[in-house]
Participant: 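Below is one structure. I have some questions about it.
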Amino acid sequence: MGKKLLLANDHVPGIQSLDVYSKHGGYAAVEKALKTMTPDALVEEVKTSGLRGRGGAGFPTGMKWSFLAKPEGVPRYLVCNADESEPGTFKDRYLMERIPHLLIEGMIVSSFALGANTSYIYIRGEYFYIVRILEKAIEEAYAAGYLGKNILGTGYDLDLYVHPGAGAYICGEETALIESLEGKRGNPRIKPPFPAVKGLYQCPTVVNNVETIAAVVPIVNMGGAEYAKIGIGRSTGTKLISASGHINKPGVYEIELGVPVEEFIYSEEYCGGIKNGKKLKAVVAGGSSVPILPGELILKTAQGEPRLMSYESLADGGFATGTMLGSGGFIVMDETSSIVKNLWNFTRFYHHESCGQCSPCREGTGWMEKILHRIMDGHGKQSDIDLLWDLQKNIEGKTICPLGDAAAWPVASAIRHFRAEFEAYVNNPGSIKEVRHYYSVNNLQPA
Amino acid sequence: MNNSSTNIENPVFSTESLALVHKIMKRYPEGKQKSALIPVLHLAQAEFGGWLSPKVMDYVASLLSIQPIEVYEVASFYTMFNLKPVGKCLIEVCRTSSCWLLGAEDIVHHIERKLNIKEGETTTDGMFTLKTVECLGSCGTAPMMMVGADFHENLTLEKVDDLLEKFRVENKQSRYC
């Protein structure tokens, strides 16, 4: 069994309540941080831990915190990004639903470290049932004196609120999230200025993912140096992986970073192998935005080294033969899956979710979706494949926010690794209808 | 919520909803009450028939002391806000990646046949509207659909049949909050 720092107690009955959570060591980090540590010491501790943003970008959290501007007389904000919308990702939902107090505790400690007296949890609107869970937990924390005025007699004040979104993938991008929290459309802002200087209400703001903030709790409890011993190399600590698709045991797994991908897919401890005894075809390892890899390249790097579940190992080989850990949304596809149809599904998603600010993304995603639809309809041409390649090239890096890149990378990687499949579709359109890309529920034939 | 005016021509929140609106507005700093817009629109949609009519949006604008256009531009951006009337029971089936790999299309086709409507349409009796939506974070329990704030997961066609029957019998308006 790997080390568990976040989900060690997720199955304890009643762990959702403050009472049971406290009996299992909960709120020790608040006691320790607020009573015995300075905010600066906390930032240093997080830096030492090597913790990297768990939302997808993997930016060092301690460094992000140290960028926060501290002008006199201006409030600072901590905003938790609980907008979890990356296809294939459902770990934050699991964490908030099972152990809401872990997030609340992390918010208190992190807000203290950053000098924020008002903090928000921005949660996607579709998770309304979790809003209720979190609000109940927050109420309990106020009653216990962990939130509000003069917390634990230390003189530190903090108010914490949950703010629902209303259905927009783009709001997971931190500046779009801030716009949305201000009551506007979720259009990403041009950076700089970065949120650390001008964020929410033009005040210095840190936006961190749910899992990142939760990870601050064990870091405070065990110390940054001890945390950094867990994991492998610069991939310190544990990571929640959302495993889904054609596997026997879909679900959320906390892994120590560095577990071999092969073990993760095939061992009984994790995914339990491919469903129905089928063969592995491809994996999207870190949420829909990261490059798709064929089975052989996800299990082993181009050099033949075993691929590990870590930031570095998954990225080994760059985009030519590697991918990214991303949000940890691990989607497994078996041999019956159609890469072209799956790509169309992803591209439709990005087209739907483009905010429309930047022309390359607004126009390009729709154009790519149409071309893929044409190929699936049996009217594709050889030149469509090259056109798709050109289109993604003209989106990548040419937009205000990373949604453009996120739309481009799946297209580029699908063509890079599965070009033959696209060509087969174009050259033999009759073959398309024979490909079944998904398991039918109840074995009923689709209409 | 019984004393609210469900007349969407002249929408007025119930006393308790209005108290909640003021409580929500207090979460944000002085002068930043516009931040309350999305939470208040959710409340309004739930209270005034499951969609946001221009009159409802104007009412929300007046409550938050902002211009109506500021409400329209937000309401039209987010997929959870309906700008046209919907059925009493709004069924939202996830169509993305893992759900789709595990049979979401079958679920959609089955509901279409069962209710005799196409995706995006409402049944003639005004009971059901069928929508497809992008990833709702249920990939590990796919396929799934959301009705109101409830997630229905690991769907099979039998499960869908049972749920449709249950919704019809309950005859309740689905609401997120």
Side-chain angles (χ1 to χ4, degrees), chain A residues 75 84-90 92-94 118 120 124-129 131-132 159 161 163-169 180-187 201 242-246 250-252 284 288 329 331 333 337 342 345-346 348-349 352-353 355 437-442 444 446-447, chain B residues 24 27-29 31-39 41-42 64 66 70 73-81 92 95-107 109-110 112-113 133-143 146 148-151 155-160 175-177:
Chain A
E84 185 167 69
S85 307
E86 176 82 5
T89 315
F90 46 99
D92 295 338
R93 171 187 168 200
Y94 185 89
T118 305
Y120 297 97
R124 66 179 301 182
E126 294 91 338
Y127 285 176
F128 247 115
Y129 79 98
V131 172
R132 292 186 200 122
D159 284 312
Y161 303 106
H163 179 103
Y169 169 70
S180 181
L181 183 47
E182 292 182 358
K184 298 182 233 163
R185 296 165 77 91
N187 288 348
Y201 311 128
S242 318
S244 70
H246 299 147
V252 174
V284 177
S288 60
I331 309 170
M333 298 177 202
S337 311
N342 179 69
N345 185 284
F346 280 175
R348 177 178 66 176
F349 170 82
H352 185 263
E353 299 300 335
C355 81
H437 55 282
Y438 59 84
Y439 289 111
S440 174
V441 289
N442 295 9
L444 189 110
Chain B
I24 291 170
R27 294 173 186 168
Y28 311 98
K32 305 295 182 193
Q33 77 285 350
K34 190 177 170 181
S35 275
L37 181 53
I38 289 176
L41 281 177
H42 278 301
L64 299 182
I66 57 177
E70 295 178 87
E73 63 178 11
V74 163
S76 60
F77 185 84
Y78 297 92
T79 53
M80 289 175 81
F81 296 133
E92 298 175 279
R95 67 181 191 183
T96 324
S97 50
S98 305
C99 275
W100 179 76
L101 283 166
L102 292 166
E105 277 184 1
D106 281 1
I107 301 290
H109 290 149
H110 183 70
E112 284 180 337
R113 275 197 303 259
V133 292
E134 299 294 355
C135 187
L136 294 183
S138 268
C139 324
T141 39
M146 180 167 95
D150 298 327
F151 280 26
L155 290 178
T156 61
L157 301 186
E158 285 81 16
K159 240 187 196 176
V160 170
R175 43 187 295 162
Y176 299 125
C177 63

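The chains referred to below are lettered A, B, ... by the order of the sequence lines, with proteins before strands, and numbering in each begins at 1.
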Participant: Give a yes or no answer on whether the side chain of A/Arg93 reaches the backbone of B/Gly137 with a donor-acceptor pair at less than 3.5 Å.
Facilitator: yes
Participant: Give a yes or no on whether the ring-centroid distance for A/Tyr120 and B/Tyr28 is below 6.0 angstrom.
Facilitator: yes
Participant: To check you understand the geometry: which heavy-atom pair defines the closest contact between A/Met333 and B/Leu101, and what is its length?
Facilitator: CG-CD1, 4.0 Å
Participant: Could you state the interatomic distance from OH (A/Tyr127) to CG (B/Leu136), rounded to the nearest 0.5 Å?
Facilitator: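 If we round to the nearest 0.5 Å, A/Tyr127:OH and B/Leu136:CG are 8.0 Å apart.
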Participant: Under a 4.5 Å cutoff for heavy-atom pairs, which residue among B/Glu73, B/Met146, B/Arg95 has the most contacts with chain A?
Facilitator: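 Option with the top pair count is B/Arg95.
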Participant: Out of curiosity, B/Glu134 CD to A/Asn345 CG, how far, rounded to the nearest 0.5 Å?
Facilitator: 7.0 Å
Participant: Among A/Gly165, A/Ser244, A/Ser180, A/Pro250, which residue forms the greatest number of heavy-atom pairs with chain B at distances under 4.5 Å?
Facilitator: A/Ser244
Participant: For the candidates B/Ile38, B/Ile66, B/Ile24, which exhibits the highest count of non-hydrogen atom pairs separated by less than 4.5 Å from chain A?
Facilitator: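 Among B/Ile38, B/Ile66, B/Ile24, the one with the most close pairs to chain A is B/Ile38.
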Participant: Check the pair B/Lys32 / A/Glu182 against side chain to side chain contact (heavy atoms under 4.5 Å, CB included), numbers first and verdict last.
Facilitator: CA-CA 7 Å; B/Lys32 305 295 182 193; A/Glu182 292 182 358; over 6 Å; no
Participant: Rounded to the nearest 0.5 Å, how far apart are CG of B/Leu102 and NE2 of A/His246?
Facilitator: 5.0 Å
Participant: Can you find a pair of side-chain heavy atoms, one from B/Pro29 and one from A/Thr118, that are under 4.5 Å apart?
Facilitator: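 No. Closest side-chain heavy atoms not under 4.5 Å.
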Participant: Under 4.5 Å from any heavy atom of chain B, what part of A/Phe349 do you find: side chain, backbone, both or neither?
Facilitator: both
Participant: Quick one: does B/Thr79's side chain have a donor or acceptor within less than 3.5 Å of a partner on A/Gly167's backbone?
Facilitator: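 Here the side-chain-to-backbone pair exists.
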Participant: Might you point out which heavy atoms bring A/Ala166 and B/His42 nearest each other, and give the distance in Å?
Facilitator: CB-NE2, 3.6 Å
Participant: Under the 3.5 angstrom rule, does the side chain of B/Ser35 hit a backbone N or O of A/Leu181 as a donor-acceptor pair?
Facilitator: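 Answer holds: yes.
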Participant: Rounded to the nearest 0.5 Å, how far does OH of A/Tyr169 lie from OG1 of B/Thr96?
Facilitator: 11.0 Å
Participant: If you take all heavy atoms of A/Thr89 and B/Cys139, which pair is closest and at what distance?
Facilitator: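 Heavy atoms only, the tightest pair is N-SG, 3.8 Å.
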Participant: Which atoms of B/Ala149 come close to chain A, meaning under 4.5 Å heavy atom to heavy atom: side chain ones, backbone ones, both, or neither?
Facilitator: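 Contact with chain A involves both backbone and side-chain atoms of B/Ala149.
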Participant: Using every non-hydrogen atom in the two residues, find where B/Pro39 and A/Pro164 come nearest and quote the distance to one decimal.
Facilitator: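 For B/Pro39 and A/Pro164, the tightest heavy-atom pair comes out as CG-CD, 4.0 Å.
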Participant: Return the option, out of A/Gly251, A/Gly88, A/Ala168, with the maximum number of heavy-atom pairs under 4.5 Å with chain B.
Facilitator: A/Gly88
Participant: Can you tell which part of A/Ser288 gets under 4.5 Å to a heavy atom of chain B, answering side chain, backbone, both or neither?
Facilitator: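 The answer is neither part of A/Ser288.
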Participant: For chain B, find which of A/Arg132, A/Glu86, A/His352 contributes the most heavy-atom pairs closer than 4.5 angstrom.
Facilitator: A/His352
Participant: Non-hydrogen atoms of chain B under 4.5 Å away: do they reach the side chain of A/Glu84, the backbone, both or neither?
Facilitator: neither
Participant: Testing the basics here: between A/Gly186 and B/Phe77, what is the closest heavy-atom pair and its distance to 0.1 Å?
Facilitator: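 Closest approach of A/Gly186 to B/Phe77, heavy atoms only: N-CE2, 3.2 Å.
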Participant: Once rounded to the nearest 0.5 Å, what's the spacing between atom CD of A/Glu126 and atom OG of B/Ser138?
Facilitator: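 The CD atom of A/Glu126 sits 10.5 Å away from the OG atom of B/Ser138.
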Participant: Locate the shortest heavy-atom distance separating B/Tyr78 from A/Lys184; write the atom from each residue and the value.
Facilitator: OH-O, 2.6 Å
Participant: Against chain A, work out which of B/Lys34, B/Glu112, B/Glu70 has the most heavy-atom pairs shorter than 4.5 Å and name it.
Facilitator: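 Ranked by contacts with chain A, first place is B/Lys34.
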